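Below is one structure; the comments refer to it alone.
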Amino acid sequence: MSGRNLMLLQMRKSRLWFWVFLTLLGGGIFWLFTAGPGGRFSGRGEAEALPATYDRPGWMEPQVGVLPQGRQAPRLQQLAAEAQAIGDSALIRAVAFLFSGMHRQYALDFFWADTRGHKVPFNELDYPDYPAALEAFSRLSALTQVHPVPFESRDADTLGAEFLMDHIRSALAQWEQHRWGSVSFRDFCRYVLPYRVSTEPVQPWRAQYLRQFAASVDTLRNPTFFEVGNALKREARSWFTDTWGIESRKDPLPTLGAQQLLFRRQGSCADMAALMAFALRAQGIPAAVDHSVFWGTSTGSHMWAAIISDSLSVPIDMSKPDTAPYQVGREPSKVIRYTYDAQPSTLAARVPADSIPPGFLRSDGYLDVTHLYGPSADLRCPLERSPDSTSLIFSCVWNGGGWQPCFWGVQQGTSVTFRNMSRGVVYAPMLYRRGRMESAGAPVVLPLTGEPFVAKPSPWRRMRVTIPEKEKYLVYLPDKRYTLYYFDRGWVKHGEQTSGQERELTFTGVPRGALLMLRPEYSQGKERPFTVGSKGEIHYW
């Protein structure tokens with residue numbers, strides 16, 4: 001080997017050992033100051049362990065020093081080296097926290113393309129306001145036929161070290177000020193430090209959000225976190241338009257970027273939740289987005305922001321003018337809290353994604369907070385079908401004209417237990433097979449009070465059922481056909497009738513004990529299942 005090649009090899013080995021040392025040092029320091037003895041650091045407070053309910057021995061593992069891999073890896077390595085050189089333990093651990101979860105983070109975005117697939121330059125943020133951007137796009141689309149092209153980008157490939165360092169320093173500055181109250185380093189990392197709240201396009205936002213909401217908080221005198229949150233909410237509600245039920249977004253962005261939220265000043269509940277999370281975090285207040293993934297007794301879902309402080313949560317829901325006491329308004333199936341860091345208690349952290357139905361269950365970045373928003377209980381469901389004794393079973397709720405998976409459990413013998421389920425909801429245990437949900441047992445009703453009961457049709461006991469109109473649930477239209485179904489491993493047609501002038505329909509020979517549904521010929525998938533009590537009373541779920 002030539003002397004030059006030997007020298008290059010030695011240099012490579014030196015760099016390699018340097019980065020190994022840096023990784024171990026970063027991880028070791030992170031462990032020492034978070035899970036190690038004492039847990040103190042540089043006079044900045046204490047690093048605490050997560051509550052036992054989070055099912056973790058410590059709030060971060062030693063391997064957080066491992067650097068993310070991607071196109072930006074060289075610059076991110078330099079950022080880690082700069083943090084180590086400065087010797088600021090909080091900065092080192094903040095960098096380590098973001099790096100530890102960056103491999104999981106990505107953005108869902110899109111660009112405009114012409115009929116040949118060529119990218120058409122257009123950036124709405126180049127215009128003075130959203131109406132001006134819409135007018136400019138209208139002129140563009142009149143000249144050139146364009147269509148959106150969605151794409152996914154990994155943060156480790158796109159986010160630069162300069163952006164991350166500026167973001168981290170700004171977040172630490174807010175945390176150190178203790179302007180509205182102290183925040184543990186654990187809550188800071190999880191609920192103040194992250195640069196994103198969902199899969200939105202990442203845009204610089206801390207300084208802009210501080211300026212946007214300065215007037216609403218600068219006049220406050222010694223407020224609590226929650227008083228600041230209410231002030232931010234009042235400010236945002238004065239200029240942000242809730243578009244629910246008015247219009248849907250025409251571009252394919254699931255969630256707007258932080259700058260787009262301030263620019264468009266309109267959006268869905270997901271956008272309003274993100275707006276409040278950004279605004280709160282910019283003030284140094286720990287905040288997250290909570291999500292009722294499916295309503296358990298209605299169609300649709302809902303999102304809102306929540307302030308997290310000393311293991312307490314206070315919702316800040318921009319869609320509602322009231323602030324306390326907060327009520328979700330209906331029964332959720334599950335309420336989850338999105339986190340930047342992965343949670344080992346999630347199903348996605350344990351099994352391959354293809355064994356999980358599409359949706360939030362395929363993510364490992366959330367906590368189950370259902371119990372914070374209403375009465376909940378563990379629910380045992382008997383099973384009728386499963387090929388083995390260790391099958392994954394999914395609890396499903398009726399939402400939008402179909403059974404939607406909202407949680408999971410593992411079969412134990414002839415039953416499965418679902419943990420922390422919202423009361424007042426009917427759940428159907430189901431298997432996920434060949435890309436579709438299949439019944440594994442009869443639906444089980446978990447009432448608001450009292451014991452659960454199985455809604456299983458009796459093969460030999462029949463009854464007469466009269467179904468009157470009920471406000472917000474059922475209004476008969478004249479001369480329309482209505483079909484009654486009962487659930488027996490699937491919806492089974494019992495009979496149909498055509499409405500007249502009466503305000504009720506009567507069916508005979510209906511199996512007792514079954515979960516029922518009346519579906520009109522003009523169905524929009526919003527019908528609710530119901531059960532019939534011993535005196536013929538109807539209870540919708």
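Just so it is clear, the structure is predicted and the values come from calculations on it, not from any experiment. Positions are given from 1, in the same order as the sequence printed here.
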Open item on the list: Between W205 and Y195, does the ring-ring contact (aromatic ring centres under 6.0 Å, His included) criterion hold? Intermediate values first, please.
Closed with: CA-CA 8 Å; W205 53 269; Y195 52 83; 9.3 Å; no

- [ ] Just do the side-chain contact (heavy atoms from CB on, under 4.5 Å) check on W408 and R350 with the steps written out, would you?
- [x] CA-CA 12 Å; W408 60 279; R350 307 180 184 200; 3.8 Å; yes

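- Between A258 and Y209 the shortest heavy-atom distance is O-OH, 2.7 Å.
- Checking side-chain atoms of W180 against main-chain N and O of G284 turns up no donor-acceptor pair under 3.5 Å.
- Side-chain contact check for S170 and R206: no donor-acceptor pair (N or O, by modelled atom type) lies under 3.5 Å.
- A side-chain contact (heavy atoms from CB on, under 4.5 Å) with P405 is found for one member of S333, P357, S395 and no other, namely P357.
- Considering only heavy atoms from C-beta on, L367 comes within 4.5 Å of R190 through its side chain.
- Scanning for ring-ring contact (aromatic ring centres under 6.0 Å, His included) contacts around H371 gives an empty result, with sequence neighbours left out.
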Task: Verdict with reasoning, W239 to L262, per side-chain contact (heavy atoms from CB on, under 4.5 Å) - done: CA-CA 10 Å; W239 47 260; L262 297 182; 3.7 Å; yes

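- For residues 265-284, the pairs satisfying salt bridge (Lys or Arg N to Asp or Glu O under 4.0 Å) are R249-D271, with sequence neighbours left out.
- The shortest heavy-atom contact between Y427 and S422 is OH-O, 2.6 Å.
- Between W295 and H302, the two ring planes are parallel [angle under 30°; tilted spans 30° to 60°].
- Using cut-offs of 30° and 60° on the angle between ring planes, the pair W398 and W403 is perpendicular.
- Panel note: side chain Q105, backbone D155; no donor-acceptor pair is recorded below 3.5 Å.
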Task: Derivation and outcome, ring-ring contact (aromatic ring centres under 6.0 Å, His included), residues F407 and F418 - done: CA-CA 7 Å; F407 210 56; F418 301 118; 7.7 Å; no

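- Judged by distance alone, the side chains of T297 and E331 do bring a donor and an acceptor atom under 3.5 Å apart.
- When the shell of 6.0 Å around CD of Q177 is examined, it contains more than 12 heavy atoms from other residues, nucleotides or ligands.
- Residues C406 and F294 come closest through the heavy atom pair CB-CD1, 4.5 Å.
- Ring orientation note: the planes of H539 and W541 are close to parallel, at an angle under 30° on the 30°/60° scale.
- Listed here is the closest heavy atom pair of T299 and G400: OG1-N, 3.4 Å.
- Within 6.0 Å of CD on Q524 lie no more than 12 heavy atoms contributed by other residues, nucleotides or ligands.
- Smallest separation of non-hydrogen atoms from L431 and S391: CD2-CB, 4.2 Å.
- Looking only at side-chain heavy atoms (C-beta outward), Y191 and R337 come within less than 4.5 Å of each other.
- When atom types are taken as modelled, the side chain of S363 and the backbone of G365 share a donor-acceptor pair closer than 3.5 angstrom.
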- [ ] Start with the C-alpha distance between K456 and E384, add both sets of side-chain angles, then the distance that settles side-chain contact (heavy atoms from CB on, under 4.5 Å), and finish with yes or no.
- [x] CA-CA 11 Å; K456 184 176 182 179; E384 301 171 353; 3.4 Å; yes

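- Side-chain N or O atoms of R362 include one that pairs as donor or acceptor with a backbone N or O of I356 at under 3.5 Å.
- Between W491 and L516, the shortest heavy-atom distance links the atoms CZ3-C, 4.0 Å.
- Looking only at distances, no side-chain donor or acceptor of Y326 sits under 3.5 Å from a matching main-chain atom of V314.
- The salt bridge (Lys or Arg N to Asp or Glu O under 4.0 Å) pairs that include a residue from residues 363-373 are R104-D364, K334-D368, where partners are two or more places apart or lie in different chains.
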Task: Criterion ring-ring contact (aromatic ring centres under 6.0 Å, His included) on F97 and Y340, from CA distance to verdict - done: CA-CA 9 Å; F97 178 84; Y340 180 89; 5.7 Å; yes

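- The backbone N or O of A305 sits nowhere less than 3.5 Å from a side-chain atom of D317 that would complete a donor-acceptor pair.
- If you check the side chains of Q266 and E247, you find a donor sitting under 3.5 Å from an acceptor.
- Around the CD atom of E469, the shell of radius 6.0 Å holds more than 12 heavy atoms that belong to other residues, nucleotides or ligands.
- Side-chain contact annotation: W304 with S319, donor-acceptor N/O pair under 3.5 Å absent.
- In the model, S292 has no side-chain atom that pairs as donor or acceptor with a side-chain atom of R330 under 3.5 Å.
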